[in-house]
2 protein chains.
Amino acid sequence: MERTLKVLDGKWTTLIVRELLSGPKRFGDLRAAMGSPSAKTLTDRLRALEHQRILTRTVYAEVPPRVVYQLTEEGESLSDVLDAMLRWGEAHPLTED
Amino acid sequence: MERTLKVLDGKWTTLIVRELLSGPKRFGDLRAAMGSPSAKTLTDRLRALEHQRILTRTVYAEVPPRVVYQLTEEGESLSDVLDAMLRWGEAHPLTED
DNA sequence: CCGTATCCCGGAGGATACTG
DNA sequence: CAGTATCCTCCGGGATACGG
């Protein structure tokens, strides 16, 4: 439980994993798909997830550079948790704020 | 998804729900069971969850006062999400920090 | 016992400018 | 394109003191 909370920490982390569940993505595409968080924030979260072996970062030595993020097996396995969150959210819509 | 993230926001929220899944609890017992967060913090989180109809707050007009927190049906239904988190955490223990 | 009232701090996250 | 480097703001959360 502790571990799960630590991995899914931060406002953006869950969103990153969700986006990557549909396949590897480049930095820019990922950013756009999430509503454009600041580059700094996204980089910070990606580095943290990389360090925790939730995803991998691959740099292609091209010009212009291309960097692709992809979930590891461990990262993919988070889909169970995200699915549970998604189901709960759908079953209990916001009544007010 | 959004909704779930908003409800489970904050460092302590998930812990509160987990404690209450085993039955209604008084303020003091709840606090002790979670490793004694500050009274202010616990109160803030409890109020937020109450406002979101995740739990109810019942005050017994006694001396000394007794206040009991209990999950609503909506709150109980979060067990699916917490279970998924627990299972993932157990299946993927911390290798390093 | 169960809070409220203050004051305070760290760190997530944003804005902007710059670089390989 | 995919970042770094700075600077700044906001607020969750802790510490302490007091109140019904």
Side-chain angles (χ1 to χ4, degrees), chain A residues 1-20 23-52 54-71 85 97, chain B residues 1-20 23-52 54-71 85 97:
Chain A
M1 181 97 246
E2 244 174 84
R3 157 81 158 142
T4 312
L5 288 175
K6 180 164 284 184
V7 167
L8 261 31
D9 188 49
K11 190 163 94 188
W12 296 104
T13 312
T14 309
L15 230 31
I16 292 174
V17 175
R18 187 177 63 176
E19 288 304 327
L20 292 183
K25 279 193 177 52
R26 305 181 53 169
F27 184 87
D29 294 341
L30 188 54
R31 186 161 178 236
M34 317 174 41
S36 300
S38 69
K40 172 183 167 299
T41 299
L42 184 53
T43 301
D44 287 352
R45 295 293 98 208
L46 286 170
R47 291 290 188 282
L49 289 171
E50 186 188 4
H51 184 243
Q52 289 165 122
I54 299 304
L55 52 79
T56 58
R57 176 174 184 266
T58 310
V59 183
Y60 294 88
E62 305 169 354
V63 179
R66 181 165 54 103
V67 180
V68 174
Y69 294 90
Q70 173 168 18
L71 292 179
M85 287 183 172
D97 208 24
Chain B
M1 181 94 247
E2 244 175 84
R3 157 80 157 141
T4 312
L5 287 175
K6 179 165 285 184
V7 167
L8 260 31
D9 188 49
K11 190 164 95 188
W12 297 103
T13 311
T14 310
L15 230 32
I16 293 174
V17 174
R18 186 176 66 175
E19 289 302 327
L20 292 183
K25 281 193 175 53
R26 305 181 52 169
F27 184 87
D29 294 341
L30 188 54
R31 187 161 177 236
M34 320 174 36
S36 301
S38 70
K40 171 183 169 297
T41 299
L42 184 52
T43 301
D44 287 351
R45 296 292 98 208
L46 286 170
R47 290 290 186 283
L49 289 171
E50 187 188 3
H51 184 243
Q52 288 167 123
I54 299 303
L55 52 78
T56 58
R57 175 173 184 266
T58 310
V59 183
Y60 294 89
E62 306 170 354
V63 179
R66 181 164 55 102
V67 180
V68 173
Y69 294 89
Q70 175 169 19
L71 292 179
M85 288 183 173
D97 209 25

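A note on names: the letters A, B, ... follow the listed sequences, proteins ahead of strands, and every chain is numbered from 1.
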Rounded distance (Å) that lies between atom [atom2] of [N] and atom [atom1] of [X]:
{"X": "B:R45", "N": "C:dG3", "atom1": "CZ", "atom2": "P", "result": "15 Å"}
{"X": "A:K40", "N": "C:dA12", "atom1": "NZ", "atom2": "P", "result": "8 Å"}
{"X": "B:R66", "N": "C:dG3", "atom1": "CZ", "atom2": "P", "result": "13 Å"}
{"X": "A:R31", "N": "C:dG13", "atom1": "CZ", "atom2": "C1'", "result": "12 Å"}
{"X": "B:M34", "N": "C:dC2", "atom1": "CE", "atom2": "P", "result": "15 Å"}
{"X": "B:R26", "N": "C:dC2", "atom1": "CZ", "atom2": "C1'", "result": "9 Å"}
{"X": "B:K25", "N": "C:dC2", "atom1": "NZ", "atom2": "C1'", "result": "18 Å"}
{"X": "B:L46", "N": "C:dG3", "atom1": "CG", "atom2": "C1'", "result": "11 Å"}

Closest non-hydrogen contact found for B:Q52 with B:R3 is O-NH2, 4.3 Å
A:L20 versus A:L55, closest heavy-atom pair with distance:
CD1-CD2, 3.8 Å
Sub-4.5 Å side-chain heavy-atom contact between B:D9 and A:K11:
no
Below 4.0 angstrom from OP1 or OP2 of C:dT4, is there any side-chain N or O of B:R47?
yes
Take A:K25 and A:I16, measure what side-chain contact (heavy atoms from CB on, under 4.5 Å) needs, and give me the verdict at the end.
CA-CA 10 Å; A:K25 279 193 177 52; A:I16 292 174; over 6 Å; no
Look up atom CG in B:L71 and atom CZ in B:R18, then write down how far apart they are to the nearest 0.5 Å.
13.0 Å
Value rounded to 0.5 Å, distance of CG in A:L8 from CG in A:L15
11.0 Å
Among C:dT4, C:dC2, C:dG13, which nucleotide sits nearest the side chain of A:W12?
C:dG13
Looking only at side-chain atoms of B:F27, point me to the closest of C:dC2, C:dT6, C:dG13.
C:dC2
Report which part of the nucleic acid B:Y69 touches: base, sugar-phosphate, or nothing (heavy-atom distance under 4.0 Å, all strands).
sugar-phosphate
Stepwise side-chain contact (heavy atoms from CB on, under 4.5 Å) test for B:L46 and B:F27
CA-CA 10 Å; B:L46 286 170; B:F27 184 87; 3.9 Å; yes
Given that A:D9 and A:P65 both sit by DNA chain C, which one's nearest nucleotide is further toward the 5' end?
A:D9
Of all nucleotides in DNA chain D with an atom under 4.0 Å from a non-hydrogen atom of chain A, which is the first and which the last going 5' to 3'?
D:dC1 to D:dT6
